[in-house]
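Structure first, commentary second.
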Protein chains: 2
Amino acid sequence: MNLDSETKAVELPDDHGTELRLWLRLLTCTTLIEGEVRSQLRETFDVTLPRFDLMAQLDKVADGMTLSDLSKRMMVSNGNVTGLVERLVESGHIDRRTSETDRRVQFIRLTKLGRAEFRKMAAEHEKWIADIFADLSPKDIRELMRLLAKAKGSAQRSAKARTA
Amino acid sequence: MNLDSETKAVELPDDHGTELRLWLRLLTCTTLIEGEVRSQLRETFDVTLPRFDLMAQLDKVADGMTLSDLSKRMMVSNGNVTGLVERLVESGHIDRRTSETDRRVQFIRLTKLGRAEFRKMAAEHEKWIADIFADLSPKDIRELMRLLAKAKGSAQRSAKARTA
DNA sequence: GTCGATCATTTTATACTTAAAATAATTTGG
DNA sequence: CCAAATTATTTTAAGTATAAAATGATCGAC
């Protein structure tokens with residue numbers, strides 16, 4: 001009996017089942033963790049995940065960034081950022097000022113309050129994430145990082161090819 | 001010079017940076033692919049991702065399932081499913097009937113039209129996914145599957161421990 | 001049998017999200 | 001300089017999402 005030809009007979013030329021299963025597993029994993037983080041943020045700090053994410057982007061820089069920068073970094077639409085920023089200005093976590101040189105541009109940055117609150121949340125957040133991945137060895141994590149980087153590159157290539 | 005102690009000095013006892021970076025990479029990867037799939041579905045079939053996902057769940061079974069089943073499988077809230085189902089009934093893709101034995105329960109299933117349309121979409125969808133992951137070798141995919149399964153288990157353990 | 005607990009679903013209120021169109025400001029090629 | 005293209009942001013409309021409360025139905029212990 002020829003095992004190779006058997007194997008080939010089972011796998012049709014256009015069988016993309018393994019990729020699909022990979023995608024579903026990736027999605028399940030992310031949704032699961034995202035839901036967990038969302039719950040923790042709400043329960044512990046009464047803050048939503050999108051607000052936390054926006055503040056996280058702003059916390060990386062000292063002097064603020066534009067709405068476009070924010071929407072690119074967060075990988076969400078412009079209109080989405082407009083609304084989020086509005087509510088965070090309202091609650092006193094960020095402030096906005098119009099550029100001196102280009103009146104289309106708005107610079108957004110954390111207020112003192114916003115940065116202080118974010119730092120507190122970020123510290124807890126990091127612990128939750130560490131616990132969520134606690135069963136993974138350092139080697140597992142390294143491998144996952146490597147493979148996800150490869151997957152990301154592949155997806156970007158695919159998206160680019162389609163748009164081109 | 002003692003390299004080990006140097007390394008330890010840099011990594012504080014509570015440094016959970018690698019887990020955080022892993023989470024951000026996982027999230028980026030998923031968001032990227034999800035956006036790509038969303039665009040393709042809209043452009044090619046004028047359908048949204050949540051609708052596609054709901055139909056995908058229903059396509060797995062012959063005789064339908066309840067709203068609760070749906071919300072659990074899709075990992076979204078009950079109210080969310082209510083709205084999605086409403087719109088898909090409206091468009092003729094699914095139908096609903098109340099259980100004979102338990103009048104609280106609604107069984108949802110694909111209509112003939114719904115199943116036919118879903119199958120067409122699913123075939124294309126599978127090709128898009130295959131292309132998105134095309135740079136990954138079969139071994140990469142196996143490894144990712146394994147590590148994501150481990151991550152999923154870890155996240156579930158963590159979530160369960162918190163709720164308990 | 002019936003009261004209380006539980007369960008399935010819907011409703012409500014609010015927030016988030018997108019795509020696409022609109023607005024407003026700047027840049028650029030001729 | 002000036003029209004056309006580009007860029008940054010906002011607005012709009014529709015849909016997606018959550019949490020929490022409400023509703024309606026069934027189950028279980030007594």
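Numbers restart at 1 for each chain; the letters A, B, ... are given by sequence-line order, proteins then strands. Side chains are part of it too, since the values below use all heavy atoms of this structure and drop only hydrogens, waters and symmetry mates.
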Expected rows: protein N/O vs nucleotides 19-26 of chain D N/O, under 3.5 Å:
{"residue": "D:dT26", "atom": "OP1", "partner": "B:Arg103", "partner atom": "N", "Å": "3.0"}

Interatomic distance where CG belongs to B:Leu41 and P belongs to D:dG15 [whole Å] = 16 Å
inquiry  = Between B:Thr48 and B:Leu41, is the side-chain contact (heavy atoms from CB on, under 4.5 Å) condition met? List the steps.
reply    = CA-CA 6 Å; B:Thr48 64; B:Leu41 282 174; over 6 Å; no
message = Could you tell me how far apart B:Asp46 (CG) and C:dT18 (P) are, to the nearest whole angstrom?
response = 17 Å
note = B:Leu70 CG to D:dA17 P, in whole Å, measures 13 Å
request  = Step through it carefully: locate the ring centre of B:Phe118, locate the ring centre of B:Phe52, and say whether they are under 6.0 Å apart.
outcome  = yes
task = Can you tell me the distance, in whole Å, between the CZ atom of A:Arg51 and the P atom of C:dT17?
result = 11 Å
note = Here the distance between atom P of C:dA8 and atom CZ of B:Arg97, to the nearest Å, is 17 Å
key: Ion pair B:Glu143/B:Lys139, N-O distance below 4.0 Å   = no
inquiry  = From CG of A:Leu84 over to P of C:dA15, roughly how many Å is that when rounded to an integer?
reply    = 11 Å
Nucleotide of D:dT10, D:dT16, C:dT10 approaching A:Arg96 most closely (side-chain heavy atoms) = D:dT10
inquiry  = Using a strict threshold of under 4.0 Å (side-chain N to carboxylate O), is an ion pair present between B:Glu90 and B:Arg87?
reply    = no
ask   = Does the pair B:Asp135/A:Lys150 count as a salt bridge with the N-to-O cut at 4.0 Å?
value = no
Phosphate OP1/OP2 of C:dT18 contacted by B:Thr48 side-chain N/O (<4.0 Å) = no
key: Length of the line joining B:Phe52:CZ and C:dT18:P, which is rounded to integer Å   = 19 Å
Sidechain N-carboxylate O distance under 4.0 Å for B:Glu117, B:Lys112 = no
message = Please compare B:Glu86 and A:Gly83 by the position of their nearest nucleotide in DNA chain C and report the one closer to 5'.
response = B:Glu86
Polar side chain donor-acceptor pair, B:Thr28 to B:Arg25, under 3.5 angstrom = no
ask   = Taking only side-chain nitrogens and oxygens of B:Ser68, does any of them come within less than 4.0 Å of OP1 or OP2 of C:dT9?
value = yes
note = Assert: residue with more 5' nearest nucleotide on DNA chain C, out of B:Lys72 and A:Val81, is B:Lys72
message = It should be established whether A:Arg87 places a side-chain nitrogen or oxygen under 4.0 Å from OP1 or OP2 of nucleotide C:dT14.
response = no
message = Between C1' on D:dT7 and CG on A:Leu67, what's the gap in Å once rounded to a whole number?
response = 13 Å
